[in-house]
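Below is one structure, written out as structure tokens; comments come after it.
Quick caveat, the model's predicted, so the values are computed rather than measured. Lettering follows sequence order; numbering is per chain, from 1.
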Amino acid sequence: MSDPPLAAPGAGTGRSGRVGLLVWRISGAAGPVLAVILALLAIWYAATVWLNAQWVLDQAARADRMAGFGDILRGTLNQERPVLPAPHQVAAELWNTVALQPVTSRRSLVWHAWVTLSATLTGFGIGTVLGIALAIGIVHNRAMDMSVMPWAIASQTIPILAIAPMIIVVLNSVGVQGLLPKAIISAYLSFFPVVVGMVTGLRSPDAAQLDLMRTYSASRAQTLWKLRFPASLPYLFASLKVGVAASLVGAIVGELPTGAVRGLGARLLSGSYYGQTVQIWAALLMAAFCAALLVGLIGLIQRLTLGRMGLAR
Amino acid sequence: MSLDIRAGDFVSFIGPSGCGKTTFLRVIAGLEEATGGSVSVNGMTPDEARRARAYGYVFQAAGLYPWRTIGRNVKLPLEIMGFDRAEQDRRMRDVLRLVELEGFERKYPWQLSGGMQQRASIARALAFDAALLLMDEPFGALDEIVRDRLNEQLLDLWARTGKTICFVTHSIPEAVYLSTRIVVMSPRPGRIADVIDSPLPRERPLDIRDSAAFIEVAHRVREGLRAGMGDDV
Amino acid sequence: MSLDIRAGDFVSFIGPSGCGKTTFLRVIAGLEEATGGSVSVNGMTPDEARRARAYGYVFQAAGLYPWRTIGRNVKLPLEIMGFDRAEQDRRMRDVLRLVELEGFERKYPWQLSGGMQQRASIARALAFDAALLLMDEPFGALDEIVRDRLNEQLLDLWARTGKTICFVTHSIPEAVYLSTRIVVMSPRPGRIADVIDSPLPRERPLDIRDSAAFIEVAHRVREGLRAGMGDDV
Amino acid sequence: QDDLTLQLKWVTQAQFAGYYVAKDKGFYDEVGLDVTIRPGGPDIAPTQVLAGGGADVVVEWMPAALAAREKGLPLVNIAQPFNASGMMLTCLKESGVESPEDFPGRTLGVWFFGNEYPFLSWMSQLGIPTEGGADGVEVLKQGFNVDPLLQKQADCISTMTYNEYWQVIDAGLTEDDLVTFRYEDQGVATLEDGLYVTEETLAEPGMKDVLARFVAASMKGWKYAEENPDEAAEIVLENDETGAQTEKHQKRMMREVSKLTAGSDGTLDPAAYRRTVESLLSGGSDPVITADPGDGAWTHEITDMAADL
Amino acid sequence: MGVVLAVWLGAWWANARLSAARGRVPRLLVPAIFGLTLLVLWELTVRLFGVPGVILPPPSAIGARIADSADILWTDFVQTFVKGALSGYVIGCGAALLTAVAIDRSAFLKRGLLPVGNFIAALPIVGTAPILVMWFGFDWQSKAAVVVVMVFFPVLVNTVAGLAAADAMQRDLMRTYGASWGQALIKLRLPAAMPFIFNGLKIATTLALIGAIVAEFFGSPTRGMGFRISTAVGQLALDLVWAEIAVAAVAGSVFYGAVAAVERGVTFWHPSQRKRNGSRGG
Ligand SMILES: Nc1ncnc2c1ncn2[C@@H]1O[C@H](COP(=O)(O)OP(=O)(O)OP(=O)(O)O)[C@@H](O)[C@H]1O
Ligand SMILES: Nc1ncnc2c1ncn2[C@@H]1O[C@H](COP(=O)(O)OP(=O)(O)OP(=O)(O)O)[C@@H](O)[C@H]1O
Ligand SMILES: Cc1ncc(C[n+]2csc(CCO)c2C)c(N)n1
Ligand SMILES: [Mg+2]
Ligand SMILES: [Mg+2]
């Protein structure tokens with residue numbers, strides 16, 4: 001594929017390793033980020049009123065009343081089943097399910113997040129190892145390059161939600177249950193960005209760098225280990241960021257056909273089933289927090305690793 | 001096209017851009033196949049010589065691996081060739097002293113100036129002590145002053161170790177100053193236009209460049225180049 | 001630091017790597033702010049001069065846009081400055097002839113050799129006919145022969161058009177061959193070590209470089225450089 | 001102890017209270033069974049799980065079970081704890097729908113994923129095409145909840161007497177705002193929530209005995225749940241791992257479900273079976289099943305054995 | 001088992017031989033043989049091990065189903081791909097490009113919007129799809145909305161990165177001409193950003209199709225690929241499910257290939273594209 005590195009959620013964040021610089025950056029970015037968040041909240045509130053107003057008007061009409069603007073405001077911002085819950089409702093729900101529940105409770109969002117994260121991390125691990133292995137094969141074997149790549153692309157056009165239940169059933173029939181089926185679905189989504197990034201990365205050493213290895217008559221393994229692999233690390237990290245986000249989506253998707261009994265996917269679904277939009281939004285935000293956390297974590301590892309390798313300038 | 005390089009020679013290749021100097025060096029190194037004719041390096045085919053690790057190659061650009069410190073860049077060939085730890089360290093220190101880079105082994109390439117990087121890459125080629133050195137415009141990117149200094153050091157090294165050196169350049173003074181023989185090449189098809197055996201003594205102070213003998217040789221090289229040129233650029 | 005450049009002068013800047021030659025040129029061009037002192041270009045601030053499109057700038061590397069053909073690269077400044085179609089075509093053809101690249105206007109930069117690219121970039125700077133030319137090591141990447149040829153052509157152009165040229169180089173012969181004045185710079189802090197007014201006539205055949213006067217000036221430049229150096233690399 | 005896995009049709013809720021009660025109260029232990037209960041979900045086809053060997057027994061609606069049988073998966077009904085259907089179509093009164101004659105030109109929300117059969121066969125009996133148009137109905141694949149009705153994206157939606165209907169009520173509409181059509185009342189009811197196994201499972205040696213004990217204990221659970229609805233609902237809540245169910249809703253659901261299981265000892269009523277088959281066969285040009293599955297699709301053997309325990 | 005292994009090894013050997021050859025034919029033939037091998041293995045496995053058709057139908061049955069149900073597949077394709085995915089793709093990518101240019105003008109927006117944008121991009125589709133169905137109704141509009149949300153940020157992030165891709169010297173050149181922001185954008189920064197933009201556009205193709213299909217799981221009219229898949233699973237019509245998946249895979253690959261072809265045309269000058277013409281083995 002092409003040279004520009006994959007854009008990861010989080011791509012474009014700086015690579016500075018210096019803590020001081022980091023702090024400076026964060027505080028420097030805080031102003032604009034805060035402003036955008038405030039603007040989003042304002043839009044959110046406006047949308048809450050706008051989207052929920054219909055229901056208030058309908059209710060008023062059913063009761064043969066007229067609804068004034070005050071009624072609409074009051075009626076839209078605290079509905080039990082809003083079309084769009086107001087930010088403070090979501091915040092309250094998050095507070096109730098994160099802070100006020102013991103983390104082992106089934107009503108604790110932290111517990112559900114942990115369930116999802118454990119599947120995500122397992123799947124991400126499998127996907128990463130698989131992706132790197134495939135990439136190494138593709139780079140070293142022309143037959144693999146030509147035959148696997150087009151099908152890897154095709155595999156990603158298959159709607160995962162459609163085959164997830166089948167994967168679960170098939171695994172079930174061979175006795176695999178619990179964490180693993182979810183992890184496999186999550187691996188299916190995360191291996192692709194890793195393959196693409198690693199193939200580009202392993203091919204990134206230029207002809208001169210490869211020639212140097214040839215003048216030493218280095219073996220393939222030595223070339224891989226001492227040249228291709230270190231050279232591919234920046235690409236690897238960029239793809240890992242995409243991959244980990246994809247893994248999380250995979251784990252959530254995988255939770256639906258496993259009975260959706262626990263995990264953020266289950267919360268999304270049961271919220272959706274009972275029309276509890278507040279619960280959906282809380283689970284959604286929690287999922288996004290998890291993704292941000294994972295991507296941030298990889299970014300940190302990236303800074304440390306590349307910093308140690310002198311690649312972070 | 002045939003050319004006889006004696007052990008202990010310092011041979012320079014000079015010629016217009018695209019005439020095949022780099023290609024020629026790469027064929028000697030077994031990095032590329034000759035299109036015709038045959039090359040032998042001390043009785044081996046280039047490919048055998050490459051496998052036997054019979055030469056050190058300095059590329060046109062420094063080509064240090066950016067994720068390795070200077071010290072570990074120099075150790076790279078030693079690791080690959082399986083030298084033991086202590087020996088790796090000893091040799092690394094030795095060659096870095098040789099190119100006046102002691103104390104920089106912990107730095108990364110990008111923390112050094114271009115000239116220092118180029119010297120580190122020369123140290124890397126010297127580390128495993130091959131009898132043949134192939135150098136492709138190693139000083140091309142440097143300014144005149146630094147270049148002069150490195151030229152002096154290279155001559156010194158050559159005199160002390162008795163290595164055979166093949167050296168590509170596009171600077172006439174550099175070629176004349178360094179070489180025992182100068183191969184002048186002409187473009188399309190890449191041919192040898194002239195082979196000049198230098199009358200200069202082996203011992204060469206920098207101001208030999210203002211001597212009449214030097215200017216005479218330089219003139220001959222320039223003529224050889226111009227003759228091969230036609231109105232090609 | 002103050003320096004007076006007369007209209008119609010050919011001023012060369014020479015000095016070790018990192019001494020601030022490029023920076024100096026960029027300040028004149030209004031691409032960078034001077035850290036102290038002031039610069040004026042024909043009575044305008046550099047920034048005003050930039051907006052007035054009072055100069056053409058040739059960068060150290062060719063810097064052609066790879067998605068444009070050579071012809072369209074040369075036309076780029078003309079498009080921006082709003083010349084009409086026919087005029088664009090006419091000027092493009094004229095300057096390409098000047099740098100001996102007629103017939104290549106349909107090629108892409110990466111289909112040309114380094115020397116041709118550099119010439120195209122010079123053509124681009126000439127196309128809109130500014131009175132001041134700023135050139136940063138324009139021939140740095142070229143081999144000696146091509147460089148000689150381009151040096152001759154540049155002198156010719158300068159003599160015919162009476163432009164003012166500021167020229168950065170690290171080659172002593174080049175500086176001496178081309179300039180009416182040579183500014184020798186010393187490193188850290190970037191200072192002017194010497195300003196040499198050339199005694200050479202305006203009309204300069206290539207073999208003027210073997211003349212005594214030439215060697216004398218070159219020697220003075222080399223001394224100026226060495227004095228400023230200390231043991232910096 | 002014998003192991004047995006039960007795959008539910010839907011998520012953990014009072015709809016399946018009998019099984020949870022039997023497990024929690026030790027009824028399964030008493031008869032020497034170790035039962036694993038697997039909740040379902042919108043993405044789980046119980047019949048497929050059964051085919052894949054992920055479960056021994058499933059809770060499924062009869063139309064889906066018979067359709068699967070036609071697809072080559074030989075399901076057999078071994079017990080029928082629900083003897084009445086809880087399905088209905090709930091319409092907004094303000095939309096003006098008063099009777100099935102008003103359906104043409106309307107937008108109706110329907111569950112798919114194997115749950116569309118009762119609706120389709122009702123419409124074909126009414127002679128209303130489901131492909132839209134002026135004299136047909138516009139069918140929406142209804143998602144998981146009742147929003148389409150609240151947002152007025154549909155005139156009517158599918159609801160269960162014990163579940164979605166009350167969600168509509170909870171959302172703030174009153175019974176007066178709604179018009180409901182129960183499938184039972186329309187004479188198009190099909191059997192829901194039966195227990196099914198494959199013919200192979202049934203033929204396994206010793207399996208009939210296990211199943212009989214399972215059915216007996218499950219029915220005991222159901223009866224207990226009918227008598228102690230609040231306690232049954234609590235048990236269901238304890239087993240809900242999503243932590244999303246509410247007590248109020250489950251207790252109410254339990255009472256509504258009791259009405260559907262009341263009077264059933266688990267024995268399938270062959271007349272009700274025939275009615276379901278007729279209804280599915282009569283689907284006009286596009287019937288749900290094309291051939292009468294005959295009496296191989298059910299058996300009284302297990303319930304008879306259970307009664308003798 | 002032996003048969004399966006033998007087929008695999010035989011095909012692999014043929015491919016290894018073929019891929020040593022150069023030219024157009026092996027380029028197409030090798031992946032085709034690989035795919036065919038997979039299909040044959042699939043068929044063999046299903047038959048030899050007696051996998052029930054309601055779990056995994058053999059490719060032959062799927063092929064027969066595709067031939068039988070071509071009209072259904074076509075209606076679904078139009079509903080999901082043409083109406084849902086394509087329109088959402090165009091709107092989403094277009095909006096992302098415009099936003100990227102706006103963000104590029106303002107450093108403030110860039111520092112504020114990008115982190116928040118990355119956060120929003122991490123919202124899982126399973127959660128957003130039901131909400132968007134609730135907002136935009138059951139027909140293709142809500143599917144397009146899901147697609148817009150899915151493709152927006154990958155394209156945005158790539159474009160913003162791309163607009164920063166022109167190197168310092170190329171920018172300085174524009175400054176020496178005293179070029180305006182708009183001139184620099186059109187003549188330098190957009191062309192230089194193209195490789196990045198296309199990277200985003202390519203990622204977006206697979207996202208668009210998946211998004212449109214998945215959104216149908218959460219409410220749809222009675223047609224569309226996602227609708228058909230979920231309904232058919234419930235009916236144990238697994239051959240129809242796989243027929244839809246096959247259509248999705250082919251449509252997705254063709255879509256990806258089309259964008260990649262446009263990319264080759266637009267960014268012909270980029271080294272990664274140029275390398276392809278000169279043949280150099282890895
Ligand atoms: N005698 C030759 N045999 C085969 N190929 C040749 C020959 N001469 C030149 N070439 C071709 O010319 C091209 C340029 O050659 P090369 O890179 O060796 O030039 P060079 O002399 O090193 O130029 P530069 O001074 O710019 O480095 C190569 O692609 C090479 O294949
Ligand atoms: N007088 C000065 N004022 C401000 N900055 C200076 C000065 N001299 C040098 N510098 C700094 O030194 C660095 C290198 O300068 P510059 O790139 O101009 O060197 P150069 O002479 O062009 O070197 P080269 O020959 O390698 O191109 C720049 O980062 C510049 O900021
Ligand atoms: C996507 C979806 N498919 C089917 C049903 C129907 N369903 C399965 S079990 C059951 C009992 C009542 O809750 C009902 C109604 C649904 N709700 N959502
Ligand atoms: Mg070369
Ligand atoms: Mg410079």
Side-chain angles (χ1 to χ4, degrees), chain A residues 2-4 6-7 9-13 28-29 31-37 40 51 83 139-140 142-143 145-151 153-163 165-166 169-170 173 203 245 248-249 252-253 256 264-265 268-269 272 277 280 283-284 287-288 291-292 295, chain E residues 12 15-16 19-20 26-27 30-31 33-35 55-56 108 111-116 118-128 130-131 134-135 153-154 157-158 160-162 195-196 198-200 206 209-210 213-214 217 226 229 233 241 245 248-249 252-253 256 270-273 281-282:
Chain A
S2 56
D3 274 348
L6 287 159
T13 33
V33 171
L34 222 67
V36 170
I37 290 180
L40 276 184
L51 283 168
V83 177
V139 167
H140 285 97
R142 235 179 109 75
D145 177 19
M146 290 166 80
S147 41
V148 175
M149 214 43 194
W151 288 90
I153 294 172
S155 81
Q156 294 302 304
T157 63
I158 295 177
I160 180 70
L161 209 60
I163 57 166
M166 287 181 255
V169 168
V170 168
S173 64
R203 285 190 174 147
L248 183 72
V249 172
I252 289 177
V253 167
L256 307 189
L264 292 176
L268 284 173
L269 200 78
S272 173
T277 30
I280 302 182
L284 261 181
V295 171
Chain E
W12 191 254
N15 258 352
S19 56
R27 263 228 163 268
V30 169
I33 291 183
F34 179 79
I55 298 237
L56 187 66
F108 184 80
R111 271 184 293 152
L113 213 52
L114 274 189
V116 179
N118 280 327
F119 181 80
I120 295 177
L123 295 177
I125 177 186
V126 227
T128 48
I131 293 171
M134 182 160 84
W135 289 357
F153 285 99
V157 169
N158 271 288
V160 169
F196 287 80
F198 272 98
N199 209 36
T206 55
L209 191 56
I210 291 184
I213 292 179
V214 167
F217 282 54
I229 288 173
V233 170
V241 174
I245 289 177
S253 302
Y256 185 99
H270 192 259
S272 67
Q273 301 293 345

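Looking at every heavy atom in both residues, E:Ala249 comes nearest to A:Ala154 through CB-O, 4.3 Å.
Heavy-atom distances place the side chain of A:Ile280, and not its backbone, under 4.5 Å from chain E. Using a 4.5 Å cut-off between heavy atoms, A:Ser155 makes no contact with chain E at all. Using a 4.5 Å cut-off between heavy atoms, A:Leu40 contacts chain E through its side chain alone, with no backbone atom that close. Contact annotation for E:Ile131: only side-chain heavy atoms (C-beta onward) come within less than 4.5 Å of a heavy atom of chain A. Looking at A:Ile158, both its backbone and its side chain come within 4.5 Å of chain E, counting heavy atoms on both sides.
Of the listed residues E:Leu209, E:Leu56, E:Ile213, E:Thr206, the one with more heavy-atom pairs under 4.5 angstrom with chain A than any other is E:Ile213.
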